[in-house]
There are 2 protein chains.
Amino acid sequence: MKIGELAKLTGVSVRSLRYYESQGLISPIRQANGYREYSPLAVETVETIKLYLNLGLSTEQIAGFLHCVLKNKEAFCAEVMPLYRSKLEDIERQLVELNQIKRNLEERMASILQEQNESSLGACKLENLE
Amino acid sequence: MKIGELAKLTGVSVRSLRYYESQGLISPIRQANGYREYSPLAVETVETIKLYLNLGLSTEQIAGFLHCVLKNKEAFCAEVMPLYRSKLEDIERQLVELNQIKRNLEERMASILQEQNESSLGACKLENLE
DNA sequence: GTTGACTCTTACATTGATGTCAGGGTTTAT
DNA sequence: ATAAACCCTGACATCAATGTAAGAGTCAAC
């Protein structure tokens, strides 16, 4: 199939399919006219690439084990587990950082609301003093 | 004070101080020789900028309320609260997404470990059959 | 007056997957 | 045979704060 058809079948843009190829993730053969010709299996390959991209892995990392996981189950690809571990560490670091910022933001918001309440209370007291 | 001194006092690079100026965050006067001359108050200004950058706000957003918060308490700067709210929403979206990826990763890791255990158990059984 | 430490402006690089456009070829259907 | 719809490559843009470097001016100390 041609690139446009693969794009439709997978929901991945033509631009991205070409990019995956430039990163060594997929290697369609070329027809005499220069057009890329994809095997029907390419659909599964692209779905697999999407899956790993959604896990936050880079195309470079995916390139390191894609051939293996397309042939075997993940458990038999030694490269996968270390990547998962380090990605998980990344994510945990990001979670810590985001939660710190979140707490900081919430504290600042609470303190603003409190000050505003106090000043409006002050205004009420003044009103009540009439 | 000159830019190098302010950089040392605040821990912010000379490059970044010039960038903050280009974004309208700080406006040192110029001496006859063209050098930037910062008031001692600039230290507090830069510390304030650092604080908001660490909250994940952009220089553009900071530019929108910095003048106000340098003169008043945050609670009196109407621009701040909406920014905090939308930043908090951003962060919560990111937290949800990261947690989804984390769960996904953990499940995949668990399933790999389980398959590996099963196959090594299988190997043990075979060994025990001698 | 020379050297070293500052400062100035301008500009390119970084990161990574994707969008978009230009300029040109191919195919398909009418 | 012509128009529409595809395909090709190459290249620039995106986002944002920061690093880095070149080329040139300034200042301080010795």
Side-chain angles (χ1 to χ4, degrees), chain A residues 1-39 42 45-64 66 83 86-87 90-91 93-94 97 101, chain B residues 1-39 42 45-64 66 83 86-87 90-91 93-94 97 101:
Chain A
M1 77 187 76
K2 284 184 289 185
I3 196 169
E5 192 180 350
L6 181 59
K8 256 182 212 145
L9 288 177
T10 59
V12 165
S13 73
V14 167
R15 174 67 177 90
S16 292
L17 291 175
R18 296 198 186 111
Y19 177 68
Y20 299 160
E21 180 177 352
S22 77
Q23 300 305 107
L25 295 182
I26 188 168
S27 301
I29 61 175
R30 295 301 179 115
Q31 289 177 327
N33 57 14
Y35 287 15
R36 292 167 176 83
E37 174 66 25
Y38 293 90
S39 125
T45 302
V46 173
E47 295 292 346
T48 305
I49 293 170
K50 281 170 64 176
L51 183 155
Y52 289 116
L53 283 177
N54 284 336
L55 281 177
L57 300 185
S58 68
T59 55
E60 187 182 0
Q61 291 174 318
I62 298 171
L66 183 62
L83 273 181
S86 83
K87 189 70 199 172
D90 282 357
I91 288 175
R93 266 191 296 274
Q94 289 177 62
E97 192 180 349
I101 295 176
Chain B
M1 77 187 78
K2 284 183 289 185
I3 196 169
E5 192 181 351
L6 181 59
K8 256 181 212 145
L9 287 177
T10 58
V12 166
S13 73
V14 167
R15 173 69 176 90
S16 293
L17 291 176
R18 294 197 187 111
Y19 177 68
Y20 299 159
E21 181 177 351
S22 78
Q23 300 306 107
L25 295 182
I26 188 169
S27 302
I29 60 175
R30 295 302 179 113
Q31 288 176 327
N33 57 16
Y35 286 14
R36 291 166 177 83
E37 174 67 26
Y38 292 90
S39 123
T45 302
V46 173
E47 295 293 346
T48 305
I49 293 169
K50 282 170 62 178
L51 183 155
Y52 289 116
L53 284 177
N54 285 335
L55 281 177
L57 301 185
S58 68
T59 53
E60 187 181 1
Q61 292 175 316
I62 298 172
L66 183 62
L83 274 181
S86 84
K87 188 70 200 175
D90 282 356
I91 287 176
R93 267 191 296 273
Q94 290 178 62
E97 190 181 350
I101 295 177

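Below, chain A is the first sequence line, B the second, and so on; all start at residue 1. Note that the structure is predicted; figures quoted are calculated from it, not measured.
In this entry the distance linking OH of Tyr19(A) with P of dC8(D) reads 18 Å, nearest Å. Rounded to an integer number of Å, the gap from Leu17(A) CG to dC6(D) P is 15 Å. Distance Arg30(B) CZ to dC6(C) P: 19 Å, rounded to the nearest Å. When the C1' atom of dC7(D) is taken as reference, atom CD of Gln31(A) falls 10 Å away, rounded to whole Å. Look at CG on Leu57(A): it is 14 Å from C1' on dA17(C), rounded to the nearest Å.
Salt bridge annotation for Glu5(B)-Lys8(B): absent, with no cationic side-chain nitrogen under 4.0 angstrom from a carboxylate oxygen.
With Lys50(A) contributing its side chain and Gly11(A) its backbone, the two residues share no donor-acceptor pair below 3.5 Å.
For dG25(C), its base sits under 3.5 Å from the side chain of Tyr35(A) at one donor and acceptor pair at least.
Remark: Glu47(A) CD is packed, more than 12 non-hydrogen atoms of other residues, nucleotides or ligands lying under 6.0 Å away.
Closest of all the heavy-atom pairs between Lys2(A) and Tyr38(A) is C-CD1, 4.1 Å.
Place Arg18(A) and Arg15(B) on DNA chain C by their nearest nucleotides, and Arg15(B) ends up nearer the 5' end. Residue order along DNA chain D, read from the 5' end via each residue's closest nucleotide, puts Leu53(B) first among Leu53(B) and Lys2(B). Nucleotides of DNA chain C nearest to Glu5(B) and Val14(A) differ in position, and the one nearer the 5' end is that of Glu5(B).
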